[in-house]
Amino acid sequence: DDYIKKFHPASANEGKKIYTVRIFTESNDLILKREWDKAADLLQAIASGSNRIVAKRARHNLSVLNEVSRSITSEVREP
């Protein structure tokens, strides 16, 4: 059994946390709908704002979005 695990591909689910305060409601809804581009546009707009704390959180959410969307897209493409 352990020998097979060395050669058999496996996947792991990692929980990724995103900020959910009110300013991120719309982008988070778009993420849940898998509307990656629209969510990314909103998060980029928030990330370029003047509030450094909110901008940092938006960049974090954008990073998670990019990781999750790539992961889901690659899973769909696998045979």
Side-chain angles (χ1 to χ4, degrees):
D1 190 40
D2 287 335
Y3 184 76
I4 292 172
K5 289 180 183 176
K6 291 181 180 180
F7 300 100
H8 191 278
S11 63
N13 291 328
E14 287 184 35
K16 298 290 181 179
K17 295 184 180 185
I18 59 173
Y19 290 97
T20 59
V21 294
R22 188 171 33 135
I23 195 166
F24 299 116
T25 301
E26 187 177 357
S27 62
N28 291 349
D29 287 344
L30 291 168
I31 291 169
L32 291 173
K33 293 176 186 176
R34 296 185 181 190
E35 295 184 25
W36 314 123
D37 293 335
K38 290 179 183 179
D41 290 344
L42 276 173
L43 288 170
Q44 287 172 346
I46 297 168
S48 64
S50 61
N51 185 323
R52 290 195 285 170
I53 293 170
V54 172
K56 182 178 178 181
R57 291 177 179 176
R59 287 191 300 273
H60 168 80
N61 282 9
L62 189 56
S63 174
V64 172
L65 164 65
N66 288 330
E67 187 176 335
V68 169
S69 65
R70 273 183 280 153
S71 173
I72 290 173
T73 303
S74 68
E75 286 177 10
V76 169
R77 290 183 186 157
E78 289 181 7

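What's counted below: heavy atoms across the whole structure, side chains too, no hydrogens, waters or symmetry copies.
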> At what distance, to the nearest 0.5 angstrom, does CG of Asn66 lie from OG of Ser71?
Replying inline: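 Result: 12.0 Å between the selected atoms.
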> When rounded to the nearest 0.5 angstrom, what distance separates CG in Leu43 from CD1 in Ile31?
Replying inline: 5.5 Å
> With ILVMFWY side chains joined below 4.5 Å, transitively, what does Leu30's cluster contain besides itself?
Replying inline: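 Once heavy-atom contacts under 4.5 Å are chained together, Leu30 belongs with Leu42.
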>> For Thr20, give me all partners under side chain to side chain contact (heavy atoms under 4.5 Å, CB included), at least two apart in sequence or on another chain.
In response: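 Partners of Thr20 by the side chain to side chain contact (heavy atoms under 4.5 Å, CB included) criterion, ordered by chain and then number, come out as Ile18, Asn28.
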> If you look only at pairs with a residue in residues 37-66, which of them pass as a salt bridge (Lys or Arg N to Asp or Glu O under 4.0 Å), with sequence neighbours excluded?
Replying inline: Glu35-Lys38
What's the shortest heavy-atom distance between [X] and [Y], and which atoms?
| X | Y | answer |
| --- | --- | --- |
| Val54 | Asn51 | N-OD1, 3.2 Å |
| Ala39 | Ser27 | CB-O, 3.7 Å |
| Ala58 | Ala47 | CB-N, 3.7 Å |

>> Heavy-atom count check: over 12 atoms from other residues, nucleotides or ligands less than 6.0 Å from Ile53 CD1?
In response: no
> What residue pairs, at least two apart or across chains, pass ring pair (Phe, Tyr, Trp, His ring centres under 6.0 Å) with a residue in residues 44-64?
Replying inline: Tyr19-His60
> Applying ring pair (Phe, Tyr, Trp, His ring centres under 6.0 Å), which residue pairs with at least one partner in residues 24-53 are found, sequence neighbours left out?
Replying inline: none
> Donor-acceptor pair, Ser69 side chain versus Leu65 backbone, under 3.5 Å?
Replying inline: yes
>> Under the rule for salt bridge (charged side-chain N to carboxylate O under 4.0 Å, His left out), what residues qualify as partners of Glu26, not counting sequence neighbours?
In response: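 Salt bridge (charged side-chain N to carboxylate O under 4.0 Å, His left out) list for Glu26, sorted by chain: empty.
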> Quick one: do Leu32 and Val64 end up in the same hydrophobic cluster if we chain Ile, Leu, Val, Met, Phe, Trp and Tyr together by side-chain heavy atoms under 4.5 Å apart?
Replying inline: no
